[in-house]
Amino acid sequence: MSKPPTEIRSDSPSRDFLWGAATSAYQIEGSPLADGAGPSIWHRFANTPGRVLNGDTGDIACDHYRRWHEDVALMAALGVNAYRFSVAWARILPEGTGRVNQAGLDFYRCLVDALLEQGIEPMLTLYHWDLPEALDTRGGWASDASPGWFADYAQVLYRALGDRVRLWITLNEPWVITAGGYLYGDLAPGHRSLHETPIVAHNLLRAHAAALASGRAEGIERIGLAVNLEPQYPASPSAEDIGATAHRDAFINRWFLDPVFLGRYPAEMETIFGSAWPRHSPSELDALRAPPDFIGVNYYSRSVVRADPTEQPVGARRVRQDARPHTAMDWEVYPQGLTDILLWIQGRYGNPPVYITENGAAFDDPPPVAGRLHDRQRVAYLRTHLRAASRALRRGVDLRGYFAWSLLDNFEWSYGYAKRFGLVHVDPVDRQRLIKDSGRFYRDAIRRYGRGP
Ligand SMILES: N#[N+]C[C@@H]1[C@@H](O)[C@H](O)[C@@H](O)[C@@H]2O[C@H]12
């Protein structure tokens, strides 16, 4: 059995360092229309032929909607003291606004109560990509009304669960919501519009600010924003590659964090979008200033960047590092990038509290044999990235916790079930769960380092 990480310590600035696992509603729950729930854009998108690999959908997924108690027991067996999950908006408000579906609230209340009974801290993500279909027909995130819809939805949840849930996240990866759903079109709702993209991004930032304000009014004290961060490194010292790297860094890493912390967009955005970039007044920009109580960092890999005018709209492309290992997503395994991006946050935004809200890897796991699944590559990925997090901790980053992505093998969006990130294997036929070696490794790491003195 692999040794646990040798460098993670529990003497983080906050003694209640959280060791968790993360999931999202559409990726694990199944039963998307059960008990009065309305359809989401992912229910429609996945059931549209050609949108998802192998025609996979989240109609069953991990069947978590019916097996949630089993999964809470799994978490207890792993020894996690936190669990990050998302709420399916359309279970709570089937039409997106207005009528509340009590059965939806009851599901999440039962889940939260079961977590608390096991001493597991819930971290609730309000939005993880599954907009109610009813709101998409009213313009979705491109609608000027969308921030208000989101703030009202958030208020329903704050009032229903605010006495039990202490850690909230407004949006998961606004960059992916924007770029995947409205620019590149590989994610729901599948738009490909250069003009719509910055409008959506602006509305998401307005929505985050509105949900933060709504939470403050309800006495919620710890509200974060989860962002995908990918450190960018120039492929050469040439001015072209350095310039292209700065553009890609603005596009991926600073587009959303600069407005919420600094009240301004990166200067590169206007160059990237050209005439499609809207004119924002000073008051509109200042209204975006809504610093979260913590940043959720979703880290997977880095990019080595070369200038490429054919790669629009950024004019830059990632250069594959063939000499290094890659995951099944063809992402370079680069643990140092996690240390670097945590130190970047510390320096740029004044050392805010940070949780690593997602870190993990898809690999083509071997099949289970005799009740064991030896996912050695994932064990190595976790060990090296936990060490990378520890290096940032030792340099004063206010790191409060680490959430492995993911608890379960689950629905990987447009890849369907072809990409598996879980600490726990989910049988594709009967959905039986089996803790992988990586889950055992994580459990040992938590035992040895997570709850220490
Ligand atoms: N791809 N990939 C894995 C993982 C995805 O499954 C999550 O839903 C997202 O928050 C983020 O993209 C990361």
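Whatever order the structure lists ligands and atoms in, that order sets their numbers, starting from 1. Numbering of residues begins at 1 and proceeds along the displayed sequence.
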Check step by step if salt bridge (charged side-chain N to carboxylate O under 4.0 Å, His left out) holds for E230 and R248. CA-CA 10 Å; E230 184 184 285; R248 208 161 187 272; 2.9 Å; yes
Using the test ring pair (Phe, Tyr, Trp, His ring centres under 6.0 Å), find all partners of F273 that sit at least two apart in sequence or belong to another chain. W255, W277
Set of residues satisfying ring pair (Phe, Tyr, Trp, His ring centres under 6.0 Å) with respect to W89, sequence neighbours excluded: F150, Y153
Under the ring pair (Phe, Tyr, Trp, His ring centres under 6.0 Å) test, which residues partner H247, sequence neighbours left out? none
Under a 3.5 Å threshold, yes or no: a donor from one side chain and an acceptor from the other, between E196 and H191? yes
I'd like a table of the close N/O pairs between ligand 1 and the protein (anything under 3.5 Å), one pair per line with both atom names and the distance.
from: ligand 1; atom 1: 1 (N); to: E412; atom 2: OE2; distance (Å): 3.0
from: ligand 1; atom 1: 2 (N); to: E412; atom 2: OE2; distance (Å): 3.1
from: ligand 1; atom 1: 6 (O); to: Q27; atom 2: NE2; distance (Å): 2.9
from: ligand 1; atom 1: 6 (O); to: W405; atom 2: NE1; distance (Å): 3.3
from: ligand 1; atom 1: 6 (O); to: E412; atom 2: OE1; distance (Å): 2.7
from: ligand 1; atom 1: 6 (O); to: E412; atom 2: OE2; distance (Å): 3.4
from: ligand 1; atom 1: 8 (O); to: Q27; atom 2: OE1; distance (Å): 2.7
from: ligand 1; atom 1: 8 (O); to: H128; atom 2: NE2; distance (Å): 2.9
from: ligand 1; atom 1: 8 (O); to: W413; atom 2: NE1; distance (Å): 2.9
from: ligand 1; atom 1: 10 (O); to: H128; atom 2: NE2; distance (Å): 3.2
from: ligand 1; atom 1: 10 (O); to: N172; atom 2: ND2; distance (Å): 3.0
from: ligand 1; atom 1: 10 (O); to: E358; atom 2: OE1; distance (Å): 3.1
from: ligand 1; atom 1: 10 (O); to: E358; atom 2: OE2; distance (Å): 2.7

Do Y417 and N410 have a side chain donor and acceptor closer than 3.5 Å? no
